[in-house]
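All residue numbers refer to positions in the sequence shown, counting from 1.
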Amino acid sequence: MNPYILVADDDADDRFLLQNAFQEEKIPNPVIYFRDGVELVDHLHKQQNDESLTPGLIILDLNMPRKDGRQALKEIKSNPEWRFIPVLVFTTSEAEKDIEESYQLGANSYIVKPSDYTKLTDLIRSIRDFWLGSVTLPRRSMINQSL
C-alpha cells in the first residue's frame, strides 16, 4: 500500500490546485487535506497508535490560522514517533528568516509555491519521483525500538 500524504494549507484555491496536480501526475498515494496545523496535528495524534496509518509525507504551508506551519512543524519534529516523517514546507514566503527557521525546526525541504500551474505539476512530479519513489523511510516500530 502507498503511504498517504497529508497537506495542511488554509487556502482553498491552493488545496484545489494541489489536488488537481496530484491527479494529473497520477500520484497513487491517498491524500488528506487540512485547513490548519491544529487539524493536522489532531489527525496525527488520532492515528499515532496505528503504524499503517503513518503518513509518508507532509506538505505544510507556513502561514495558517490557529496553529501555523512553524508551530505544527516544531510539534511534529519534537515527537519521537513523527520526527522521521518528511515535511516539505510549501509556502509563498521567500523570506530568508522563514527559510532558516523552517530548516532549524526540522523541515526536510522548503519550497516556494510556483506561480503557475505548469510549474506546480512539474514540482508534484519531482516530489513523486523523489519523496514517493526514491526515498525509503524507516518503519515506525524500528524507531520506537531505538528510543
Side-chain angles (χ1 to χ4, degrees), residues 1-114 120 123-147:
M1 182 174 139
N2 294 314
Y4 68 100
I5 301 166
L6 303 181
V7 175
D9 195 319
D10 64 317
D11 188 302
D13 291 335
D14 286 347
R15 289 192 309 267
F16 177 76
L17 289 171
L18 275 172
Q19 184 175 21
N20 286 340
F22 278 120
Q23 289 172 350
E24 189 170 318
E25 290 305 317
K26 298 175 178 45
I27 304 294
N29 307 64
V31 183
I32 303 173
Y33 296 89
F34 304 96
R35 293 173 298 204
D36 60 40
V38 170
E39 291 179 1
L40 170 68
V41 171
D42 284 351
H43 175 82
L44 288 169
H45 279 293
K46 289 176 187 169
Q47 307 304 325
Q48 190 161 327
N49 295 324
D50 188 343
E51 185 171 346
S52 69
L53 296 176
T54 300
L57 185 66
I58 297 172
I59 298 175
L60 183 63
D61 186 23
L62 280 187
N63 301 309
M64 297 182 290
R66 299 197 308 160
K67 182 179 287 189
D68 71 14
R70 293 163 201 81
Q71 295 165 312
L73 179 59
K74 183 177 183 178
E75 192 167 343
I76 291 165
K77 293 301 184 174
S78 66
N79 184 313
E81 294 192 15
W82 304 337
R83 68 177 172 224
F84 70 93
I85 302 168
V87 178
L88 313 183
V89 171
F90 187 67
T91 184
T92 57
S93 174
E94 296 181 56
E96 272 302 314
K97 73 174 188 61
D98 288 337
I99 297 167
E100 290 174 15
E101 183 179 17
S102 294
Y103 282 112
Q104 287 173 352
L105 291 171
N108 296 92
S109 67
Y110 190 99
I111 303 165
V112 176
K113 291 179 181 179
L120 177 62
L123 173 65
I124 296 303
R125 188 175 319 110
S126 296
I127 289 171
R128 179 197 65 207
D129 293 346
F130 182 73
W131 289 105
L132 304 173
S134 298
V135 172
T136 301
L137 297 175
R139 289 190 328 261
R140 191 168 73 190
S141 59
M142 296 303 294
I143 290 174
N144 290 340
Q145 290 175 6
S146 67
L147 296 176

Of the non-hydrogen atoms in Pro3 and Pro30, which two are nearest, and what is the gap between them? O-CD, 4.2 Å
Between His45 and Trp82, what is the ring plane arrangement, given parallel below 30°, perpendicular above 60°, and tilted in between? perpendicular
Measure the spacing between [atom1] of [X] and [atom2] of [Y] and express it to the nearest 0.5 Å.
{"X": "Ser109", "Y": "Phe90", "atom1": "OG", "atom2": "CZ", "result": "10.5 Å"}
{"X": "Leu40", "Y": "Arg35", "atom1": "CG", "atom2": "CZ", "result": "13.0 Å"}
{"X": "Leu105", "Y": "Ile76", "atom1": "CG", "atom2": "CD1", "result": "10.5 Å"}
{"X": "Ile111", "Y": "Ser102", "atom1": "CD1", "atom2": "OG", "result": "11.0 Å"}
{"X": "Asp61", "Y": "Leu88", "atom1": "CG", "atom2": "CG", "result": "12.5 Å"}
{"X": "Leu132", "Y": "Asn29", "atom1": "CG", "atom2": "CG", "result": "4.5 Å"}

Criterion side-chain contact (heavy atoms from CB on, under 4.5 Å) on Leu57 and Ile85, from CA distance to verdict: CA-CA 6 Å; Leu57 185 66; Ile85 302 168; 5.9 Å; no
Is Lys97 paired with Glu101 through a side-chain N to carboxylate O contact shorter than 4.0 Å? no
Could you tell me whether Glu39 and Lys67 make a salt bridge, using a distance below 4.0 angstrom between a side-chain N and a carboxylate O? no
4.5 Å side-chain heavy-atom contact, [X] and [Y]:
{"X": "Ile59", "Y": "Leu6", "answer": "no"}
{"X": "Ile32", "Y": "Val7", "answer": "no"}
{"X": "Val112", "Y": "Thr91", "answer": "no"}
{"X": "Phe34", "Y": "Leu60", "answer": "no"}
{"X": "Pro86", "Y": "Phe130", "answer": "no"}

Within the side chain of Arg128, is there an N or O that forms a donor-acceptor pair under 3.5 Å with the backbone of Gly133? no
Tell me if a side-chain donor or acceptor on Gln47 pairs with a main-chain N or O of Leu44 at a distance below 3.5 Å. no
Going through the checks in order, is the side-chain contact (heavy atoms from CB on, under 4.5 Å) test met by Tyr103 and Val89? CA-CA 9 Å; Tyr103 282 112; Val89 171; over 6 Å; no
Short side-chain donor-acceptor distance under 3.5 Å, Asn108 and Lys77: yes
With side-chain contact (heavy atoms from CB on, under 4.5 Å) as the test, would you mind laying out the steps for Asp98 and Arg70 before giving the verdict? CA-CA 9 Å; Asp98 288 337; Arg70 293 163 201 81; 3.0 Å; yes
Donor-acceptor contacts, no H, no angles, side chain residues 14-22, under 3.5 Å, sequence neighbours left out:
residue: Asp14; atom: OD2; partner: Lys113; partner atom: NZ; Å: 2.6
residue: Arg15; atom: NH1; partner: Asp9; partner atom: O; Å: 2.7
residue: Arg15; atom: NH1; partner: Asp10; partner atom: O; Å: 3.3

List the residues meeting side-chain hydrogen bond (donor to acceptor under 3.5 Å, both in side chains) with Arg66, not counting sequence neighbours, and say none if there are none. Asp36
Let me see the working for Arg125 and Glu24 under side-chain contact (heavy atoms from CB on, under 4.5 Å), right down to the final yes or no. CA-CA 9 Å; Arg125 188 175 319 110; Glu24 189 170 318; over 6 Å; no
